[in-house]
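Read through the structure below, which is laid out as structure tokens, and then see the notes.
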Amino acid sequence: MKKRIGILLSGRGSNFEAIARNVASGVIDAEIAVVISNRPEARGLETARKLGLTAVSLPSKGLDREVYDRMVVAELKKHQVDLVCLAGYMRLLSAYFVREYHMRILNIHPALLPSFPGLDAQHQAIEHGVKLSGCTVHFVDENLDAGPILVQTTVPVLNDDNADTLSARILEQEHRIYTEAINIVLSGKYHIDGRRVVLD
Ligand code: GAR
């Protein structure tokens, strides 16, 4: 049976679209079981509906973190999700959520972690004056942008870059490495040694 992916997003959803394209073409051998957003107005939810996928709006506003995460986990379990992919999901997960899907939650971040975690990573990179930035796909733990790293790639920062031009160049690479990371996890050909993800 194909593995079932659950996508969590909060906005535009271009990483989700790249994953959906690769699922549709067979590059990723899995199915997207459900797309959930904490923001009802997220463009990614609309895209999911247009693609004929199950799209669920679960507004998080005003809810305690764990109370909300229990609702999300219940929805993921209802759809028998094996692997959770955060795709521009702008919320920290509770210990409860991380426990329920231990080492089965991935996130993509637009910087070379551990540099520039949190919001506006591309802006942080420009402000700091780094010559190289990039993106990272990692397993999710309770800390912000901090779990074991699966795949990273670098992107040069050019003299005339601003946060928007750098973001666009990083985004192209995000779309590529998220699929690469998902395929590593689906293959099961890796093990985790401390913080290191080692490919078998
Ligand atoms: C992406 O650049 C992703 O790496 C970033 O949000 C953007 C979402 O774009 N995520 C984070 O910063 C998480 N800390 P998308 O909605 O078009 O995929």
Side-chain angles (χ1 to χ4, degrees), residues 5-24 27-28 32 34-51 53 55-60 65 69 72 83-94 97-98 101 105-128 130 132-157 161-182 185:
I5 294 175
I7 305 267
L8 299 189
L9 53 78
S10 302
R12 179 177 58 184
S14 74
N15 276 288
F16 149 60
E17 279 185 65
I19 294 167
R21 254 195 316 276
N22 288 335
V23 166
V27 171
I28 296 174
I32 296 178
V34 63
V35 178
I36 301 172
S37 179
N38 62 314
R39 298 213 182 114
E41 71 282 7
R43 202 166 90 198
L45 266 188
E46 191 53 39
T47 309
R49 287 193 195 102
K50 283 190 185 137
L51 290 173
L53 297 168
V56 179
S57 165
L58 281 182
S60 56
R65 188 177 304 284
D69 279 0
V72 175
L83 177 65
V84 180
C85 294
L86 310 186
Y89 185 62
M90 298 311 198
R91 286 181 61 83
L92 198 59
L93 302 192
S94 62
F97 194 151
V98 172
Y101 278 93
I105 310 169
L106 306 184
N107 180 45
I108 185 140
H109 184 74
L112 291 176
L113 291 172
S115 291
F116 313 129
L119 292 177
D120 298 324
Q122 305 93 331
H123 179 72
Q124 293 183 53
I126 299 266
E127 288 292 297
H128 196 89
V130 292
L132 282 176
S133 190
C135 44
T136 304
V137 180
H138 62 95
F139 287 104
V140 172
D141 63 17
E142 288 158 51
N143 302 311
L144 180 67
D145 299 324
I149 291 169
L150 265 154
V151 182
Q152 286 187 305
T153 198
T154 56
V155 170
V157 181
D161 261 337
N162 57 42
D164 290 338
T165 56
L166 179 61
S167 298
R169 215 170 319 107
I170 292 175
L171 194 63
E172 277 179 39
Q173 298 305 315
E174 294 186 38
H175 295 167
R176 185 177 64 75
I177 70 165
Y178 214 158
T179 288
E180 190 180 324
I182 289 170
V185 174

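Here the structure is a predicted model, which means the values were calculated and not measured. Indexing begins at 1, ligand by ligand and atom by atom, following the structure's order.
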For each nitrogen or oxygen atom of ligand 1, which protein N/O atoms lie closer than 3.5 Å, and how far apart are they, rounded to 0.1 Å?
unit_1   : atom_1 : unit_2 : atom_2 : d
ligand 1 : 2 (O)  : E174   : OE1    : 3.2
ligand 1 : 2 (O)  : E174   : OE2    : 2.9
ligand 1 : 4 (O)  : E174   : OE1    : 2.7
ligand 1 : 4 (O)  : E174   : OE2    : 3.4
ligand 1 : 9 (O)  : R12    : NH2    : 3.1
ligand 1 : 14 (N) : H109   : ND1    : 3.1
ligand 1 : 16 (O) : G13    : N      : 2.7
ligand 1 : 17 (O) : R12    : NE     : 2.6
ligand 1 : 17 (O) : R12    : NH2    : 3.1
ligand 1 : 17 (O) : S14    : N      : 2.8
ligand 1 : 17 (O) : S14    : OG     : 2.6
ligand 1 : 18 (O) : S14    : N      : 3.4
ligand 1 : 18 (O) : N15    : N      : 2.9
ligand 1 : 18 (O) : N15    : ND2    : 2.9

Results of salt bridge (charged side-chain N to carboxylate O under 4.0 Å, His left out) for R43 - residues two or more places apart only: none
State which residues pass salt bridge (charged side-chain N to carboxylate O under 4.0 Å, His left out) with R176; sequence neighbours excluded, sorted by chain then number. E180
Expected list for residues 110-128: side-chain donor-acceptor pairs under 3.5 angstrom, two or more places apart:
unit_1 : atom_1 : unit_2 : atom_2 : d
Q122   : NE2    : S167   : OG     : 3.4
Q124   : NE2    : P117   : O      : 2.9
Q124   : NE2    : L119   : O      : 2.8

Report yes if some heavy atom in the side chain of [X] is under 4.5 Å from a heavy atom in the side chain of [Y]; otherwise report no.
X: N107; Y: D145; answer: yes
X: Y89; Y: I108; answer: no
X: L106; Y: I182; answer: yes

